[in-house]
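Reviewing the structure listed below.
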Amino acid sequence: MGDYKPQEIEAKWQKRWEENRVFETESDPTKKKYYVLEMLPYPSGTLHMGHMRNYTIGDVVARVKRMRGFNVLHPMGWDAFGLPAENAAIKNHTHPRVWTNKNIAEFQRVLRRFGFSYDWRREISTCEPEYYRWNQWFFLRMLEKGIAYKKKSRVNWCPKCCTVLANEQVVNGGFCWRHEDTRVEAREIEQWFLKTTAYAEQLLEDLKELEGGWPDRVIAMQRNWIGKSIGAKVWFVIDEGSDSSGAESQASAAKTVGAKAPTPERKIEIFTTRIDTIYGASAVILAPNHPLVAELVASKAEDSEAGRKPGHYTAEGRSRKLAEMKVSSVKGEDIATAEKDGFFTGRYAVNPFNEEKIPIWVGNFVLMEYGTGAIMAVPAHDERDNEFAVKFGLPIPVVVSRVGETMPPERAEILTEYGMSVNSGPYSGLTSQEAIERMAADAEKGGFGNKETIFRLRDWGISRQRYWGTPIPVIYCEKDGLVPVPDKDLPVVLPANPKLTGEGQSPLATDPEFVNVKCPKCGGPARRESDTMDTFVDSSWYFYRYCDPHNEKAPFDPAKVAYWFPIDQYIGGITHAILHLLYSRFWCKVMRDLGLVKHNEPIGRLFTQGMVQKGGVAMSKSRGNVVGAEEMAQKYGADTGRIYTLFAAPPEKDLEWSEDSIEGAWRFLNRVYRLVDRRANSLKSTDSAKARKEPIYTEKEKELLRKAHQALRRVTQDFEGRWHFNSAIAQIMELVNAIYAAEPLEEGVRPEVQKEVLELVTLMLAPMTPHLAEELWEMLGHANGLWTVNWPEFNTELATEDEVEVPVQVNGKVRGRVTVAAGAAQEEVLEKAKADAGIAGHLDGKALRKVVFVKDKMLNLVVG
RNA sequence: GCGGGAGUGGCGGAACUGGCAGACGCGCAAGACUUAGGAUCUUGUGGGGUAACACCCGUGGAGGUUCAAGUCCUCUCUCCCGCACCA
């Protein structure tokens, strides 16, 4: 007899698993496969119980699937490039590689301490040239296909990261995803992009394949992010004649545009989803950084209303106003809440549908990044336009009324819904939907517009002006221009000893040995690209590399990937709902088009687990509320930590850490241990199979086996179906309680039945508390490890109750219960119910009008 | 504003396709064993009510469907998350 000593037990079994290479897997097309994966960690800080919850869920699934006979791939690796490593290295005067590798060693040690069933031979680290050379290889393929391209554009700059961010890395309407208190700034920088927009339609369309397998909200978030809008573009011709007093400036402007006379029509292209409201347009409004604005503003057209009406200025006033607006837009002031602002350019444009001249304005609420950077303002039917029009005194003509209303609605109401067109020339009387169709078609026929679908999704900006990332493999030659690094020269390795300052310049650019190269084409002097890639490139395809982690000739062997993919179950935090998961889907489609993979989507099922919180907020080092994984393992053992996180809440919900509740988990495991320990010796040589071969059961045996198989049925369902680990554990607890209640087992329960029941407890616990289960299994006299044992089949017959207690309702209220043999017919139950004094009292003197009977479940007597 | 989700005891949470609401655990209370116990075992524990039953109320709120509603329908309130002057 001994105590449960998790420290000893856990070390012992981890060693055995390793010696027996229990978790090592090879692809084998003759076996059914299962690929379960947790998102790879960024090795920084300490592993806390929030991480462990994630890995525990994955590990339970991996172990259950193994017990069910699947060939299971369950790997682990490190998202090892990234800014924190570089910043920490600067701070501590060390090298990012040193800092990172130290963390990796630490992470690995703690993960091993928890006994997760990883195939460690497949471990990858994205900062190794063996890995990132394939980032470069993929980049070159994308360059060839025109998917990777370089352009100068307005980008998001985080002053703290000192680098550009992708749109997906800008959160909360303008803040850095790493520094949630820091606003991003707009900068004009030349950088590399991957053309995610080329896949916008597919990324949206294929979300349908993911329905059912991915959480609804992740699908919704991606759909939202891609942001498809179906509408039309319409061209408004700029009225040149209106600029009577600006001939001089117009001539100079004409130089950049074309000949003055005959003036080729210059147009402002607007995008709208409501072309049906175009008769109600009272202005064209441009984004402050729209390319035409500078020129329109510079024209000398004086505004006769200048100074008398809001938004009207002289030419100088307009320039000043524009400069002001640009400054606030660069600062990234909160555009969602900022007051509408703008000014009249002094110029007009012609509505192509009714030839009406309407003023051209500049407005702070029009975004260059969306649509065409220009809109038509329809103040009667759009809230924002209305606000603008009211502030600046623009007319508000009504062109839509509710269907069935003969008179246009009062102007006070802004009708944004569909209705019926009014005051819209030949389109009056059509429904909005009809008008949209007809008018878009007519615009196309008339040559002044077309149907158009636009997306909110932007191309993925991947250039980063930092050191600790994958060098972008291109060279700039004075003679040959942009030259890709030839495949044979890959990898382009990071220089070993960079000068890291953390200031806004690519560290690689300061290293002459790295930068100065010979042009691969002409051999002349050339410069290397000195930016590195966004680290989300690394994580966009890493799960493919696990299938073939040491391949030196290719990113992976397509045959191996074809066997393992798609990922059967991916597990991670909701944080990556857009970033990592969208990029990964994009990468998969690119690889498919390169002929490397055959599937459209890399991840079949996605599970987003809840956070582990303490004090109501997620555990994080900076908040100082972490429960360290290692301390936890030292105090209670890994198994207690594992079962606690599984039991305390369903896996998709947030979990508030409770020191009291973990004591409960610890007590439970001790209870199980004692149960086995107190009779381990006497049962060692007992053959539990005998219990199954000679099924002559005493009442007590029957009762125990029934409980055991009922639990097994529920636990099996909970593991296979919706991952109700908490209720699975509750079932096992009930069984354990029942065994305690049946003590002393020696009275009335044969040894083989005792052993059978204890083995079932052990096997059910095995995926969740694998160390303890192995130990119990051994204590029960088994020399083979649990890894050789299959998941037990539950026996319906054993699980079935002989007798059931049927609640009896009178008029829908439970008034009593009768005990009958399972499966008893209505007549029998009814008879017993009538005989029951308590129930009879409620029936007294009333006519029985209806009887509802559900076998073994309930009897309802309707009287009255 | 748009989209997604959640409201059940003192707490975490159960309840498969409508069929005994509160499984299991924590906490709390009582008892047993003990020199002692913050160990272990047993019992009790939604609220009201009763000597004890009976009975009444009860899954955010208001209606509805049904023999029967935490579960389905309509309306509504609160909270959390994501996106957001997206034209």
Side-chain angles (χ1 to χ4, degrees), chain A residues 3 171-174 215-225 227-229 231 270-274 277 285 287 334-340 363-367 369-378 382-385 387-388 416 454-456 574-575 577-578 644 647-650 652-665 667-668 670-671 674 713-714 717-718 721-722 724 726-734 736-737 740-741 743 805-817 838 841 849-864:
Chain A
D3 290 334
V171 299
N172 300 329
D216 289 343
R217 65 170 168 160
V218 175
I219 292 176
M221 282 162 77
Q222 292 217 356
R223 190 165 279 142
N224 202 323
W225 185 259
K228 183 177 180 174
S229 290
I270 62 107
F271 176 77
T272 179
T273 54
R274 292 297 303 273
T277 63
I285 309 181
D334 202 343
I335 45 173
T337 54
E339 204 194 326
K340 298 274 176 299
N364 64 343
F365 69 104
V366 180
L367 309 172
E369 295 77 30
Y370 188 75
T372 58
I375 63 162
M376 63 174 188
V378 184
D382 182 283
E383 311 226 352
R384 297 151 300 171
D385 297 348
E387 202 186 315
F388 194 82
T416 56
I454 63 164
F455 293 90
R456 207 187 78 114
I574 187 73
T575 5
I578 292 176
Y644 167 68
F647 180 62
E652 70 278 6
K653 284 189 73 173
D654 287 345
L655 183 165
E656 174 68 26
W657 188 265
S658 154
E659 219 34 58
D660 280 340
S661 294
I662 197 158
E663 287 281 351
R667 279 203 292 264
F668 170 63
N670 274 282
R671 219 163 126 81
R674 281 194 300 272
R713 178 166 56 198
R714 282 285 306 274
Q717 286 165 357
D718 285 342
R722 282 186 296 160
H724 287 188
N726 53 339
S727 68
I729 295 166
Q731 289 296 314
I732 302 171
M733 286 174 167
E734 277 191 66
V736 169
N737 290 346
Y740 267 88
E743 291 278 28
E805 200 179 54
V806 178
V808 179
Q809 302 178 342
V810 178
N811 287 343
K813 291 195 169 175
V814 179
R815 297 298 184 184
R817 295 159 220 282
R849 290 205 315 211
K850 190 174 177 182
V851 177
V852 183
F853 178 68
V854 182
K855 195 169 77 179
D856 294 346
K857 283 279 165 66
M858 50 79 55
L859 175 74
N860 190 8
L861 307 174
V862 186
V863 298

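Numbers restart at 1 for each chain; the letters A, B, ... are given by sequence-line order, proteins then strands. What you see below is based on every heavy atom in this structure, not just the backbone, and it leaves out hydrogens, waters and symmetry mates.
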If you round to the nearest 0.5 Å, how far is CG of A:Asn811 from NZ of A:Lys850?
->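 These two atoms lie 11.5 Å from each other.
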In Å, rounded to the nearest 0.5 Å, how long is the span from CD of A:Gln731 to CZ of A:Arg713?
->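 Those atoms lie 9.5 Å apart.
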What integer distance in Å separates [X]:[atom1] from [N]:[atom2]?
X	N	atom1	atom2	value
A:Lys228	B:A87	NZ	P	14 Å
A:Lys857	B:G19	NZ	P	8 Å
A:Glu659	B:G27	CD	C1'	15 Å
A:Trp657	B:G13	CH2	C1'	17 Å
A:Leu861	B:G19	CG	P	19 Å
A:Phe388	B:A87	CZ	P	18 Å
A:Gln222	B:C81	CD	P	21 Å
A:Ile219	B:C83	CD1	P	18 Å

[atom1]-based separation of [M] from [N] [nearest Å]:
N	M	atom1	result
B:G13	B:U8	P	9 Å
B:C28	B:G19	C1'	33 Å
B:G10	B:A62	C1'	28 Å
B:U34	B:G9	P	42 Å
B:A23	B:G1	P	41 Å
B:A69	B:G18	C1'	6 Å
B:G60	B:G12	P	14 Å
B:A68	B:C75	P	23 Å

Does [X] have any side-chain contact (heavy atoms from CB on, under 4.5 Å) partners at least two apart in sequence or in another chain, and if so, which?
X	answer
A:Ala649	A:Arg53, A:Leu655
A:Val366	A:Ile285, A:Ala287, A:Ile375
A:Val814	A:Pro807, A:Gln809, A:Arg817
A:Asp654	A:Met611, A:Gln613

Qualifying residues under ring pair (Phe, Tyr, Trp, His ring centres under 6.0 Å), relative to A:Trp657, sequence neighbours excluded =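 By the ring pair (Phe, Tyr, Trp, His ring centres under 6.0 Å) rule, A:Trp657 matches A:Tyr644.
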Could you list the residues that satisfy ring pair (Phe, Tyr, Trp, His ring centres under 6.0 Å) with A:Phe365, not counting sequence neighbours?
->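 Partners of A:Phe365 under the ring pair (Phe, Tyr, Trp, His ring centres under 6.0 Å) test: A:Phe388.
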Mind checking [X] for me? I need base, sugar-phosphate or nothing, with any heavy atom below 4.0 Å counting as a touch.
X	answer
A:Pro650	sugar-phosphate
A:Val851	nothing
A:Asn670	nothing

State which residues pass side-chain hydrogen bond (donor to acceptor under 3.5 Å, both in side chains) with A:Ser661; sequence neighbours excluded, sorted by chain then number.
->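 Expected list: A:Ser658.
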Are [X] and [N] close enough that a side-chain N or O sits under 4.0 Å from OP1 or OP2?
X	N	value
A:Lys813	B:A21	no
A:Arg223	B:C83	no
A:His724	B:A15	yes
A:Ser229	B:A87	yes

With a 4.5 Å heavy-atom cut-off, do [X] and [Y] have their side chains touching?
X	Y	value
A:Arg671	A:Asn737	yes
A:Ile574	A:Arg217	yes
A:Arg274	A:Val378	no

Sugar-phosphate atoms are those with a prime plus P, OP1 and OP2; base atoms are the rest. Using that split, label each nucleotide of nucleotides 46-55 of chain B B, S or - for protein heavy atoms under 4.0 Å, 5' to 3'.
-> ---------S
How does protein contact run along nucleotides 62-73 of chain B, one letter per nucleotide 5' to 3', with B for base contact, S for sugar-phosphate only, - for none, heavy atoms under 4.0 Å?
-> -----B------
Pairwise N/O distances under 3.5 Å, protein to nucleotides 22-26 of chain B:
| residue | atom | partner | partner atom | Å |
| --- | --- | --- | --- | --- |
| B:A23 | O2' | A:Glu734 | OE2 | 2.7 |
| B:G25 | OP1 | A:Asn737 | ND2 | 3.0 |
| B:C26 | OP1 | A:Arg667 | NE | 3.3 |
| B:C26 | OP1 | A:Arg667 | NH2 | 2.7 |

What's the base orientation of B:G49: syn (chi within 90° of 0) or anti?
->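 Base orientation: anti.
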Between [X] and [Y], which heavy-atom pair has the shortest distance, and what is it?
X	Y	answer
A:Asp718	A:Ser727	OD2-OG, 2.8 Å
A:Glu383	A:Thr416	CG-CG2, 4.1 Å
A:Ala577	A:Val218	O-CG1, 3.9 Å
A:Asp385	A:Asp382	N-OD1, 3.0 Å
A:Tyr370	A:Ser229	OH-OG, 2.9 Å

So which nucleotide from B:G19, B:C83, B:U42 ends up closest to the side chain of A:Val854?
->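 In terms of side-chain proximity for A:Val854, the closest of B:G19, B:C83, B:U42 is B:G19.
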Side chain of A:Lys340 - closest among B:C85, B:U42, B:C83 |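 My answer, after comparing the listed nucleotides, is B:C85.
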Would you check if the side chain of A:Asn860 reaches a backbone N or O of A:Val854 as a donor-acceptor pair within less than 3.5 Å?
->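 No: the side chain of A:Asn860 does not pair with the backbone of A:Val854.
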Is it the case that more than 12 heavy atoms not belonging to A:Arg223 sit under 6.0 Å from its CZ atom?
->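 It does: A:Arg223 CZ has more than 12 such atoms within range.
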How does RNA chain B read in dot-bracket, base by base from 5' to 3', with Watson-Crick or G-U pairs under 3.5 Å and | used when the partner is on another strand?
-> (((((((..(((......[....)))((((((.......))))))(((......)))..(((((..]....))))))))))))....
Could you check A:Gly373 against A:Pro807 and say which one's nearest nucleotide on RNA chain B is further toward the 5' end?
->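 Here A:Pro807 is the residue nearer the 5' end.
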Most 5' of A:Ala741 and A:Thr272 on RNA chain B, judged by nearest nucleotide |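 Going by which nucleotide is closer to the 5' end, it is A:Ala741.
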Output a table of nitrogen or oxygen pairs between the protein and nucleotides 2-10 of chain B separated by less than 3.5 Å.
| residue | atom | partner | partner atom | Å |
| --- | --- | --- | --- | --- |
| B:G5 | OP1 | A:Asp216 | OD2 | 3.4 |

